[in-house]
Every structure is written in structure tokens, then in C-alpha cells.
Amino acid sequence: MTGPDVVTLGETMVSLRTGTPLRLGGALQMTVAGAESNVAIGLARLGHTVRWGGRVGDDEVGVFLLRTLRAESVLVDTVAIDADRSTGLMLAERRINDLSRVSYYRSDSAGSALSEADAAACLAAPPRLLHVTGITPALSRSAAEAVTEAVRLARAAGALVSVDVNYRAKLWSTTAARTTLSALARSADIVIASDDELGLIVTGAGTPEAEERAAAELAACGVSALVIKRGALGASVYSDGEIVHASAIPVSVRDTIGAGDAFTAGYLSGVLDALTPADALHRGILTGAFAVAAIGDWEGAPTRAELTLLAAPAGTTLR
């Protein structure tokens, strides 16, 4: 059985978003949210075959999540329907301009019950690349074991492994996270981290010299690329002893939630297309720019045909 280009594994939640403070009430818009499914949608829009592995509750919002992912051409054929647990919930409120605040209701959710069997199911047909994040291991012991098993299975099948650190302070402490995330990063071929997360996986961070030492330390463990997200300052990739930097593309920022996932999808798309590190990084910068220019976790992700749109002069109307 031929596998997809990419498999992602993690929790996808129903997301309720509002542009006003939650405490004041008002209208909420329902969509889906989850780092791994955001990346899955981003890669699918760029023309790659992608399977998302996970669990949803036997409830209406679980049906909504699967329906949305199918509509985005993401395979969900191995997703488990959990009759005993509910689908997780995320509330997002925009407070000031592009600053948002997020609350999670995912304790004992279906997604937190991810297991090694779920990992085996979505990897039965080995992909070219497995993408996981540091969010899922924080949900529960069984979810952490599922990620570990997924990485083991992918490596045994000869697939590339991508790990996005994605530290979430509301889920676990830095002390608890450091041990798990540093080990997970060292099992990967590609490690993706924001500049303020690097200290969770290597000793010391915050200076170019420390980054170089981190890249060398991870390379010694078999990591072929360390990708550092720098927000408005762009991103960098350390690969084969070289560093490449790309500046962010100036756009009007509407929402930063999901921007890192969009960047990751673009960069991994470049890797799958065998682009140079510089060109893969540039594709990630492009997809990240599309994301921050739109409201939503994944809604602004571009298709492959749209990647050239940002090269057009400001104010252009394509007819």
C-alpha cells in the first residue's frame, strides 16, 4: 500500500473565536484548530497528499472537524472515534489589534487519549515524512507514548521525521517539557523551533554563537536541519554546517495564530520538493505571510498557484 507524502499526528479541537472579550459575551465563530492539522491543511493546499492521525469524540463537533479536514483534501481514514470522551475545545479572543488570548478545554478529551495503536494506524502505509509537535506529548502519558511510537515507526520505515517544538506553557512547565522535548528533537531529521524555544532542547540560547552550538549539537545526533522561526524578523535554517536567513515579507498583520504552522507547512513542502534550504525557507516565509494577513488558524494558507501573488505590486488587481 502506497503511503501519503506526509502524516501528522496530534489533537484537533473545535475552535470558537471572537473579536471581543469573552467575558462580555457576543458572537462566536466556529472553526477547527490544532497545530498538526493546520500543517496538514497547509501541505494539502500546496498539492501534497497528507493524512492526519488522531482521535475525536463521538459528537457533532467531531463530525464537523472530520468534514472540514476532508473538504481540505486531508485524509482522515484512520482517525479513531472515541465514544467515551468529547472532542476538545479552544476559545480564542482578540484583545488588541493582532494580539489574541487562547483558553483550552481539552483535559481528558478524545485527543488526549491518543495511543500507540493510533500511531500505528496512521502509519500503516509509511509516508515520506512524519510531522509531530511538542504539544501532543504534553496532553497525557499515552499521547506522549503515541508520538514516541510514531517516530519509531517512521524511522524504521525510512521516512523523514519533522519535530516542531511548539511549547505551550498552559500545558506543562519548562522543567517537565525540557526532558521530553530535548529527547524528541534528537530523534528527528528536521527540528523547527521559535528562537525563544531553542533553550528547551539545547543548553543555552539567545545569541548567534549559542545557536551555532545548538545546531552543531543536534547535527551530532543526526538532525539534518535546524529551522528557527523569528516572527517579524523572518527565519533561519542551519543545514550541512551552513546558515541561511530569510527576512519576513511585509504584509498587514491581521492574526498571528497559526502563522508558525503555515510557515512549517511551506518549509516542509520545499523539503518534499527537494528545494535548496534557501528556497524551502523562502516558501515557508511566503506561506507564513499569507497566514498573518488573514484571520484564522489555517484559513489564509495559500494554494501552490497562489505562492507568486505576494510578488505582485501592492494594490494590484488580477483580472
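We use all heavy atoms of the structure for the numbers below, so side chains are in, but hydrogens, waters and symmetry mates are not. It should be emphasised that the depicted structure is a prediction, and the values quoted were computed from it without experimental measurement.
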Shortest non-hydrogen contact between [X] and [Y], atoms and distance:
{"X": "Ala188", "Y": "Val223", "answer": "O-CG2, 3.4 Å"}
{"X": "Ala113", "Y": "Asp82", "answer": "CB-OD2, 4.0 Å"}
{"X": "Val56", "Y": "Ala110", "answer": "C-CB, 3.5 Å"}
{"X": "Leu9", "Y": "Cys122", "answer": "CD1-SG, 4.1 Å"}
{"X": "Ala119", "Y": "Ala146", "answer": "CB-O, 3.4 Å"}
{"X": "Tyr167", "Y": "Ser173", "answer": "OH-C, 3.4 Å"}

Establish, from distance only, whether the side-chain atoms of Ser187 and Arg155 form a donor-acceptor pair under 3.5 Å.
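Looking only at side-chain atoms, Arg155 and Ser187 do not form any donor-acceptor pair under 3.5 Å.
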Looking only at the side chains, is there a donor atom on one of Ser140 and Ser142 sitting less than 3.5 Å from an acceptor on the other?
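Distance-only check passes for Ser140 and Ser142.
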Can you measure from [atom1] ([X]) to [atom2] ([Y]) and round to the nearest 0.5 angstrom?
{"X": "Ile41", "Y": "Trp52", "atom1": "CD1", "atom2": "CH2", "answer": "10.5 Å"}
{"X": "His131", "Y": "Ile192", "atom1": "NE2", "atom2": "CD1", "answer": "5.5 Å"}
{"X": "Ser86", "Y": "Met13", "atom1": "OG", "atom2": "CE", "answer": "14.0 Å"}
{"X": "Tyr104", "Y": "Ile135", "atom1": "OH", "atom2": "CD1", "answer": "6.0 Å"}
{"X": "Leu43", "Y": "Leu272", "atom1": "CG", "atom2": "CG", "answer": "6.5 Å"}
{"X": "Glu93", "Y": "Leu28", "atom1": "CD", "atom2": "CG", "answer": "10.0 Å"}

Heavy-atom side-chain proximity of [X] to [Y] below 4.5 angstrom:
{"X": "His245", "Y": "Ser236", "result": "yes"}
{"X": "Arg186", "Y": "Glu217", "result": "yes"}
{"X": "Asn166", "Y": "Asp261", "result": "yes"}
{"X": "Ile81", "Y": "Leu66", "result": "yes"}
{"X": "Ile201", "Y": "Leu218", "result": "yes"}
{"X": "Leu226", "Y": "Glu211", "result": "no"}
{"X": "Leu198", "Y": "Asp195", "result": "no"}
{"X": "Val61", "Y": "Met30", "result": "yes"}

Under the side-chain contact (heavy atoms from CB on, under 4.5 Å) criterion, do Ile243 and Glu212 qualify, and how do the steps go?
CA-CA 9 Å; Ile243 178 173; Glu212 291 175 7; 5.8 Å; no
Common cluster, [X]/[Y], ILVMFWY with side-chain heavy-atom separation under 4.5 Å:
{"X": "Val50", "Y": "Val39", "answer": "yes"}
{"X": "Leu281", "Y": "Ile190", "answer": "yes"}
{"X": "Leu184", "Y": "Leu130", "answer": "yes"}
{"X": "Val161", "Y": "Leu268", "answer": "no"}
{"X": "Leu123", "Y": "Val76", "answer": "no"}

Please tabulate, for the side chains in residues 282-302, all donor-acceptor contacts under 3.5 angstrom to protein atoms that are two or more places apart in sequence or on a different chain.
from	atom 1	to	atom 2	distance (Å)
Arg283	NH1	Ser269	OG	2.8
Arg283	NH1	Asp273	OD2	2.7
Thr287	OG1	Ala262	O	2.8
Thr287	OG1	Arg283	O	3.1
Thr287	OG1	Gly284	O	3.0
Asp297	OD1	Arg17	NH1	2.7
Trp298	NE1	Val32	O	3.1
Glu299	OE1	Asp297	N	3.1
Glu299	OE2	Thr31	OG1	2.8

Does atom CD of Gln29 have more than 12 heavy-atom neighbours, drawn from other residues, nucleotides or ligands, at distances under 6.0 Å?
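Incorrect, the count does not exceed 12.
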More than 12 foreign heavy atoms under 6.0 Å from CZ of Arg67: is that the case here?
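12 or below, so no.
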Please lay out, stage by stage, how Thr18 and Thr20 fare under the test side-chain hydrogen bond (donor to acceptor under 3.5 Å, both in side chains).
CA-CA 5 Å; Thr18 177; Thr20 59; 3.1 Å; yes
May I ask you to decide whether Arg168 forms a salt bridge with Glu11, counting only side-chain N to carboxylate O separations under 4.0 Å?
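So Arg168 does not pair with Glu11 through a salt bridge.
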Sequence neighbours excluded - salt bridge (Lys or Arg N to Asp or Glu O under 4.0 Å) pairs with any residue from residues 25-52:
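As it turns out, the salt bridge (Lys or Arg N to Asp or Glu O under 4.0 Å) pairs with a partner in residues 25-52, which skip direct neighbours, are Arg45-Glu72, Arg51-Asp77.
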Of all pairs that satisfy salt bridge (Lys or Arg N to Asp or Glu O under 4.0 Å), the ones with a partner from residues 122-141, not counting sequence neighbours
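For residues 122-141, and leaving out neighbouring residues, the salt bridge (Lys or Arg N to Asp or Glu O under 4.0 Å) pairs sorted by first residue read Asp5-Arg128.
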Could you check Val165, Val191, Thr174 and say which one makes a side chain to side chain contact (heavy atoms under 4.5 Å, CB included) with Leu181?
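Exactly one candidate clears the test, Val165.
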Any donor-acceptor pair under 3.5 Å from [X] side chain to [Y] backbone:
{"X": "Asp118", "Y": "Gly54", "value": "no"}
{"X": "Ser239", "Y": "Ala225", "value": "no"}
{"X": "Lys170", "Y": "Val102", "value": "yes"}
{"X": "Ser109", "Y": "Ser112", "value": "yes"}
{"X": "Ser182", "Y": "Thr179", "value": "yes"}
{"X": "Thr180", "Y": "Ala177", "value": "no"}

